[in-house]
Amino acid sequence: MHIIHKKGWEIPEREATPESVAFNRRAFIKASGLLGAGAIGAGWPKISLAATDPTASLYPAKRNEAFTLDRPLTPEQTASRYNNFYEFSLSKSAFMQAEALKTRPWTVKIDGLVEKPMELGIDDLIKAMPLEERLYRHRCVEAWSMTMPWTGFPLKKLVDYAKPLGSAKFVRFETFLDPKMAPGQRGFFPWPYVEALTMAEATNDLALMVTGAYGKPLANSFGAPLRLHTPWKYGFKSAKSIVKISFVEKRPETFWEASGPGEYGFWANVNPQVPHPRWSQASEEIIGTNDRKPTLLFNGYGEYVADLYKGLEKENLYI
Ligand code: MTE
């Protein structure tokens, strides 16, 4: 049995979730059907390793050596069993419930301000894109971090493929909506999960559409079969299990902005000097270790992205 022992400096779970979540946690658990003996299952199920995934032969992809780390990779077992995936559970062990995620058939709609809206089968999309592996730091707003070997393709490639019109200012990402499959979606959040980037953020070299991790297709708990990862931003900007990508003119309201507007803003860049309203962002727990490290501005990726925010000083860029 895997038991998480809280350390003195860890943020109590109550503090690391939006106020509305903390207050309604019990209501959520009840709505999710997670109450009652055996609801979660007797043991720890195996994580799907996607052995039957139609794209399995594309992995491992060649590593892009431009992206290096200052710390060891988080072991796969640790990273894939410590997740945020509120569609399935508020618990960090959402990987168990996420086994119910059905990742095929899966289509991704591209619509909005594009030359021609389209709907792509996930396998066709993955096979059409140039896969590469990148080692990235991943910093959650809850003040924990991991180091991940993601596989995917630059979001910029997908933007080019979609041929957005000049009037497109933002890219909006939407997760599946299926309350039958995902018990969390029977709860009170503003489902489906929505995230968004400016066009400049989306076409930055770092923004990655992730299809795999640890040299394999993505495990369900990481947001299979397609998620976003923007390593200079807090983790919640990285929407999982995406079904729709829309190019729009008006800034979309995101899932976390709608859930906790005072705490989770649109920009959400990592800045250790700007505390979350309920805890410090100065340092981070490295998951799977007893280590805590100072957090870096833009999660250490300032050379790629700092310029994107020039002239936006009046915006709340860091929460
Ligand atoms: N995407 C969806 N659809 N649902 C979620 O609950 N959680 C976000 C983000 N993307 C979330 C999501 C948060 S808060 C974080 S920190 C990261 O996913 C966690 O990614 P990981 O579980 O792969 O570490």
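Both counts, for ligands and for their atoms, begin at 1 and track the order of listing. Side chains included, hydrogens not; waters and symmetry mates left out as well; all remaining heavy atoms used. Residue numbers start at 1 and run along the sequence shown.
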**Asked** Between Arg227 and ligand 1, which residue portion shows a heavy-atom distance shorter than 4.0 Å: side chain, backbone, both, or neither?
**Response** side chain
**Message:** Using a 4.0 Å heavy-atom cut-off, which part of Trp144 comes near ligand 1: side chain, backbone, both, or neither?
**Reply:** side chain
**Asked** How about Tyr304 and Phe67: are their ring centroids closer than 6.0 Å?
**Response** yes
Can the positive tip of [X] be found less than 6.0 Å from the middle of the six-membered ring of [Y], inside 45° of the ring normal?
| X | Y | value |
| --- | --- | --- |
| Arg137 | Tyr301 | yes |
| Lys240 | Phe173 | no |
| Lys250 | Phe170 | no |

Between ligand 1 and [X], is the shortest N or O to N or O distance under 3.5 Å?
| X | value |
| --- | --- |
| Lys240 | yes |
| Trp150 | no |
| Asn84 | yes |
| Tyr86 | yes |

**Message:** Quick check on Lys163: does its NZ atom have over 12 non-hydrogen neighbours (other residues, nucleotides or ligands) under 6.0 Å away?
**Reply:** no
**Prompt:** In ligand 1, which numbered atoms sit nearer than 4.0 Å to a non-hydrogen atom of Thr175?
**Reply:** 3 (N)
**Request:** Considering heavy atoms of the protein only, find what lies nearest to atom 13 (C) of ligand 1 and give residue, atom and distance to 0.1 Å.
**Result:** Phe236 CA, 3.6 Å
